[in-house]
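As the structure lists them, so they are numbered: ligands from 1, and atoms in each ligand from 1. Positions are given from 1, in the same order as the sequence printed here. Below, all heavy atoms of this structure are taken into account, side chains as well, without hydrogens, waters or symmetry copies.
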Amino acid sequence: MDKELTEISKYLSYILRHNPGEIGLKLDRNGWGEIDDIISKTSRFTLSYELISVVVETNDKQRFAIDEEGSKIRANQGHSIDLELDLPVRKPPEFLLHGTAERFWSSINGDGLNKGGRHHVHLTEAESVAKSVGSRYGKPILLRINSLDMHADGFSFYKTANNVWLVESVPPKYINKISFSVD
Ligand code: HQG
């Protein structure tokens, strides 16, 4: 992604996930905002429909979705504001992965995975994704989650449009620290 697209992506993440009020934007209860409103209320960049479309399409993690009519946009995941992503409950695979930093391990081993400031704990099927997510906080470690056992025990799993698995929390008994096999 070129630098301007990255800057716009960060800006859209901020207003769609955390602070639409910063530009006086209204999101509906499922997190959708009118693209025309974003364009007219944004002063930091000269946005256009085409530019926003390019940001959405080229985004490295497919962070955003445009609705079927093409008039609204939302963040696929990662919100801190109160909303309902209206995702269907899904049966997870046997295992899912979570990448985190070594320095968090003793706390996670004691308390399990907590959602922190986000709405959910984020899990992935891809080891490479877990590694890069974990690397943001220090030396990465890989956790394998017994997701199918959790599902059998009544935990609800959701999958976002960009293949992130979401769950409210992960108690320690479902977590195993394993080794990376990818470079
Ligand atoms: C850790 C990015 C201590 C947790 C990525 C993580 C992802 C604990 C950190 C998305 C803990 C929270 C989310 C406990 C959890 N004790 N540490 N009990 N429970 N943690 O950023 O999963 O670029 O909120 O392991 O791709 O790292 O934003 O969550 O290290 O999909 O689109 O607390 O963010 O996507 O960190 O990342 P985060 P995450 P975007």
What donor-acceptor contacts under 3.5 angstrom involve side-chain atoms of residues 100-116, with partners at least two apart or in another chain?
unit_1: R103; atom_1: NE; unit_2: Y137; atom_2: O; d: 2.8
unit_1: R103; atom_1: NH2; unit_2: Y137; atom_2: O; d: 2.7
unit_1: K115; atom_1: NZ; unit_2: E168; atom_2: OE2; d: 2.8

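At distances below 3.5 Å, not a single donor-acceptor pair connects side-chain atoms of T124 with backbone N or O atoms of V129. Panel note: side chain H122, backbone H98; no donor-acceptor pair is recorded below 3.5 Å.
The residues lining ligand 1, counting any heavy atom closer than 4.0 Å, are R17, K61, R63, Q77, H98, T100, F104, S107, I108, D111, G112, L113, N114, R118, H122, V133, R136, Y137.
Take T42 and apply the side-chain hydrogen bond (donor to acceptor under 3.5 Å, both in side chains) test, not counting sequence neighbours, and it matches Y11. Contacts of F157 classified as ring-ring contact (aromatic ring centres under 6.0 Å, His included), with partners at least two apart in sequence or in another chain: none.
Taking each heavy atom of N76 and Q62 in turn, the nearest pair found is ND2-O, 2.7 Å.
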